[in-house]
Asks: 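Once you've had a glance at the structure underneath, I'll fire off some questions.
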Amino acid sequence: MTNASALPGQPRGGMIGGPATDRAVCVLAPNASPMTLDGTNTWIVAEPDSDLAVVIDPGPLDDAHLKEVIATAERAGRRVAQTLLTHGHPDHAEGAARFAELTRTSVRALDPALRLGDEGLELGDVITTGGLELRVVPTPGHTADSLSFHLPADGAVLTGDTVLGRGTTVVAHPDGRLGDYLDSLRRLRSLTVDDGVDTVLPGHGPVLNDARGAVEYYLAHRANRLAQVETAFEDGYRTPSEVVAHVYADVDRSLWPAAELSVRAQLDYLREHGLI
């Protein structure tokens, strides 16, 4: 068995659902798959002495899951007062409208098409529901509308799909762009260096106890893959599917369609920078 402390980001052992920090509790959605890992992490975030909670990423359209999120908040003596989205992929956002109906809350997101209510989410926004301080951090790249949320009081950042609790994420071409993604990883790294963030609360997989280590691993992984794709192209592997079969030969074939999205994004990046 691999020692978790030796893995990138030092993933936390034990059950994924349940309390993760003083202010964040995870309710794991029942939508496990090769792409969603153990399922989508729906996060309930609140000040310890508050009766109001914020929910991040209600998850898929699954009434039992959505009602369990509400029940989890209520068992802690809290009412869901606001719903936020890290991005619009269905495993994070498909249940948002139904969740808003159940909780009579607004839905705030970067993408106007995902919002329910008058307010969106932008750089510089600070969520203060029930005394909470939750800072909006734009982290495009996985998708154009991807956001993270900095929770200063817990030294934590909720990353959606930008950083996962296990493995690495997909740059979902054409909406996702590699240059944006690398900038977002550097932005997250600055939170770990300058703002005391040491914990990643991801959209999938276990909590990471070493936020800086996780982000540094992601940056190194991306640089390595980019070099491999560049070399493969120079060696005559020109189409995305050819590059995937060559570069991702060690990856489960069921993940190759997702890998092809990242390869398309990498090829675009290399062309934009005049490297191929």
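We number each residue from 1, following the sequence as shown.
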Asks: Going by heavy atoms in the side chains, are Tyr181 and Tyr269 under 4.5 Å from each other?
Replies: no
Asks: Return the CG to OG1 distance between Leu102 and Thr83, rounded to the nearest 0.5 Å.
Replies: 10.0 Å
Asks: Could you see if Val171 belongs to whatever hydrophobic cluster contains Ile276? Use Ile, Leu, Val, Met, Phe, Trp, Tyr and a side-chain cutoff under 4.5 Å.
Replies: yes
Asks: Between Asn31 and Thr40, is there a side-chain donor-acceptor contact under 3.5 Å, judged purely by atom types and distance?
Replies: yes
Asks: Between Val107 and Ile70, is there shared hydrophobic-cluster membership here, with clusters defined by ILVMFWY side-chain heavy atoms closer than 4.5 Å?
Replies: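 No.
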Asks: From Gln10 CD over to Asp210 CG, what is the distance, rounded to the nearest 0.5 angstrom?
Replies: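 If we round to the nearest 0.5 Å, Gln10:CD and Asp210:CG are 4.5 Å apart.
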Asks: Heavy atoms only: give me the nearest Val80-Thr105 pair and the separation to one decimal.
Replies: O-CG2, 3.3 Å
Asks: Any side-chain donor paired with an acceptor under 3.5 Å for Thr143 and His89?
Replies: no
Asks: Do Val243 and Tyr248 have side-chain heavy atoms sitting under 4.5 Å apart?
Replies: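 Contact flag for Val243/Tyr248 side chains = no.
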Asks: Report yes or no: does Thr239 contribute a side-chain atom to a donor-acceptor pair with the main-chain N or O of Glu242 at less than 3.5 Å?
Replies: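 A pair under 3.5 Å: yes.
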Asks: Side chain of Thr42, backbone of Pro58: donor and acceptor closer than 3.5 Å?
Replies: yes
Asks: Has the side chain of Glu216 got a donor or acceptor atom that lies under 3.5 Å from a matching backbone atom of Gly213?
Replies: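 No, Glu216 side chain to Gly213 backbone: no donor-acceptor pair under 3.5 Å.
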Asks: In chain order, what residues pass the salt bridge (Lys or Arg N to Asp or Glu O under 4.0 Å) check against Asp22, with sequence neighbours excluded?
Replies: none
Asks: Is there a side chain to side chain contact (heavy atoms under 4.5 Å, CB included) between Val157 and Thr199 once you walk through the steps?
Replies: CA-CA 6 Å; Val157 61; Thr199 303; over 6 Å; no
Asks: For the hydrophobic clusters of this structure (ILVMFWY residues joined by side-chain heavy atoms under 4.5 Å, transitively), does one cluster hold both Phe233 and Leu226?
Replies: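 Yes: a chain of side-chain contacts under 4.5 Å links Phe233 to Leu226.
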Asks: May I have the step-by-step check of side chain to side chain contact (heavy atoms under 4.5 Å, CB included) for Gln266 and Arg264, ending in yes or no?
Replies: CA-CA 5 Å; Gln266 290 170 92; Arg264 289 179 182 274; over 6 Å; no
Asks: If we ignore angles and hydrogens, is there a donor and acceptor under 3.5 Å between the side chains of Thr129 and Gln82?
Replies: yes
Asks: Tell me if a side-chain donor or acceptor on Arg115 pairs with a main-chain N or O of Arg108 at a distance below 3.5 Å.
Replies: no
Asks: Linking I/L/V/M/F/W/Y whenever any side-chain heavy atoms sit under 4.5 Å apart, do Leu164 and Tyr217 land together?
Replies: yes
Asks: Atom CD of Glu272 and atom CG of Leu267: how far apart are they, to the nearest 0.5 Å?
Replies: 11.0 Å
Asks: Kindly state whether the ring of His92 and the ring of His204 have centres lying under 6.0 angstrom apart.
Replies: yes
Asks: Considering all heavy atoms of both residues, which atom of Arg177 and which atom of Pro174 are nearest to each other, and what is their separation?
Replies: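 Scanning both residues completely, I find the closest heavy atoms to be CG-O, 4.3 Å.
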Asks: Do Asp161 and His142 have side-chain N/O donor and acceptor atoms under 3.5 Å apart?
Replies: yes
Asks: Determine yes or no for a side-chain-to-main-chain donor-acceptor pair under 3.5 angstrom, with Glu68 supplying the side chain and Ala64 the backbone.
Replies: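 Here the side-chain-to-backbone pair does not exist.
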Asks: Could Asp63 and Arg98 be called an ion pair, given the rule that one side-chain N must be under 4.0 Å from one carboxylate O?
Replies: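 A salt bridge links Asp63 with Arg98.
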Asks: Is there side-chain contact between Asp268 and Leu178, with heavy atoms separated by less than 4.5 Å?
Replies: no
Asks: Are Tyr218 and Leu261 in one and the same hydrophobic cluster, where Ile, Leu, Val, Met, Phe, Trp and Tyr link if side-chain heavy atoms are under 4.5 Å apart?
Replies: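 Hydrophobic grouping puts Tyr218 with Leu261.
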Asks: Rounded to the nearest 0.5 Å, how far apart are CD of Glu119 and CG of Asp125?
Replies: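 Between Glu119 CD and Asp125 CG, I get 8.0 Å after rounding to 0.5 Å.
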Asks: With side chain to side chain donor-acceptor pair (under 3.5 Å) as the test, would you mind laying out the steps for Asp57 and Thr86 before giving the verdict?
Replies: CA-CA 7 Å; Asp57 289 352; Thr86 62; 2.7 Å; yes
Asks: After noting the C-alpha distance and the side-chain angles of Arg23 and Asp154, does the key distance pass the salt bridge (Lys or Arg N to Asp or Glu O under 4.0 Å) rule?
Replies: CA-CA 7 Å; Arg23 291 164 180 78; Asp154 286 346; 2.6 Å; yes
Asks: Where the side chain of Ser190 meets the backbone of Arg187, is there a donor-acceptor pair that is under 3.5 Å apart?
Replies: yes
Asks: On a heavy-atom basis, which atom in Val27 and which in His65 lie closest, and how many Å separate them?
Replies: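 Closest heavy-atom pair between Val27 and His65: O-CE1, 3.5 Å.
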Asks: So do Leu188 and Ser148 actually touch side chain to side chain, heavy atoms under 4.5 Å?
Replies: yes
Asks: What residues form a side chain to side chain contact (heavy atoms under 4.5 Å, CB included) with Gln228, not counting sequence neighbours?
Replies: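 With sequence neighbours excluded, Gln228 shows a side chain to side chain contact (heavy atoms under 4.5 Å, CB included) to Asn224, Arg225, Val247, given in chain and number order.
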Asks: When you compare the side chains of Thr192 and Arg189, does any donor N or O come within less than 3.5 Å of an acceptor on the partner?
Replies: no
Asks: Quick one about Thr162 and Thr159 (side-chain donor to acceptor, distance below 3.5 Å, no hydrogens or angles considered), yes or no?
Replies: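 Per modelled atom types, Thr159 and Thr162 side chains form no pair under 3.5 Å.
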Asks: Would you indicate whether the side-chain heavy atoms of Pro11 and Arg166 approach each other to under 4.5 Å?
Replies: no
Asks: Compare every heavy atom of Leu114 with every heavy atom of Gly88, then report the nearest pair and how far apart it is.
Replies: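 Heavy-atom minimum between the residues: CA-CD1, 3.4 Å.
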Asks: Counting C-beta onward and ignoring hydrogens, is there a side-chain heavy-atom pair between Asp195 and His150 closer than 4.5 Å?
Replies: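 Result yes, sub-4.5 Å side-chain heavy-atom pair found.
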Asks: Heavy-atom distance under 4.5 Å between the side chains of Thr72 and Ile44, does that happen here?
Replies: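 Yes, close enough: below the 4.5 Å cut-off.
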Asks: Please report the closest heavy-atom contact between Pro140 and Pro138, naming both atoms and the distance.
Replies: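 The pair with the smallest heavy-atom distance is CD-C, 3.4 Å.
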Asks: Partners of Ser50 by side chain to side chain contact (heavy atoms under 4.5 Å, CB included), sequence neighbours excluded?
Replies: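 Here the qualifying residues are Glu47, Leu52.
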Asks: On a heavy-atom basis, which atom in Pro48 and which in Arg78 lie closest, and how many Å separate them?
Replies: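 Smallest interatomic distance, heavy atoms only, reads O-NH2, 3.0 Å.
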Asks: Output all residues satisfying salt bridge (Lys or Arg N to Asp or Glu O under 4.0 Å) with Glu74, sequence neighbours left out; order by chain, then residue number.
Replies: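 Counting only residues at least two positions away or on another chain, Glu74 forms no salt bridge (Lys or Arg N to Asp or Glu O under 4.0 Å).
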Asks: Got a second to check how far Leu182's CG is from Ser184's OG, nearest 0.5 Å?
Replies: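 Here the rounded value is 8.5 Å.
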Asks: Assess whether side chain to side chain contact (heavy atoms under 4.5 Å, CB included) is satisfied between Val126 and Glu133, documenting all intermediate values.
Replies: CA-CA 6 Å; Val126 180; Glu133 182 181 350; 3.8 Å; yes
Asks: Count the heavy atoms belonging to other residues, nucleotides or ligands that lie under 6.0 Å from CG of Asp118, then report whether that count exceeds 12.
Replies: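 Not buried by this count: 12 neighbours or fewer within 6.0 Å.
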Asks: For the atom pair CG (Asn41) and CG (Asp91), what is the distance rounded to the nearest 0.5 Å?
Replies: 10.5 Å
Asks: If you count the non-hydrogen atoms of other residues, nucleotides and ligands that lie under 6.0 Å from CZ in Arg238, is the total more than 12?
Replies: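 Yes, CZ of Arg238 has more than 12 neighbouring heavy atoms, counting only those of other groups under 6.0 Å.
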Asks: Answer yes or no: is there a side-chain heavy-atom contact under 4.5 Å between Ile16 and Pro206?
Replies: yes
Asks: Using a side-chain heavy atom cutoff under 4.5 Å and only I, L, V, M, F, W and Y, what cluster partners does Trp43 have?
Replies: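 Cluster partners of Trp43: Val45, Val54, Ile56, Leu84, Leu110, Leu121, Ile127, Leu132, Leu134, Val136, Leu147, Phe149, Leu151, Leu158, Leu201, Val207.
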Asks: Who pairs with His246 by ring-ring contact (aromatic ring centres under 6.0 Å, His included), at least two apart in sequence or on another chain?
Replies: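 For His246, the residues satisfying ring-ring contact (aromatic ring centres under 6.0 Å, His included) (neighbours in sequence not counted) are Tyr237.
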Asks: Determine whether more than 12 heavy atoms belonging to other residues, nucleotides or ligands lie under 6.0 Å from atom CZ of Arg104.
Replies: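 Atom CZ in Arg104 is not crowded, with 12 or fewer foreign heavy atoms closer than 6.0 Å.
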Asks: Verify, without hydrogens or angle tests, whether Asp175 (side chain) and Ala144 (backbone) share a donor-acceptor contact under 3.5 angstrom.
Replies: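 Yes: the side chain of Asp175 pairs with the backbone of Ala144.
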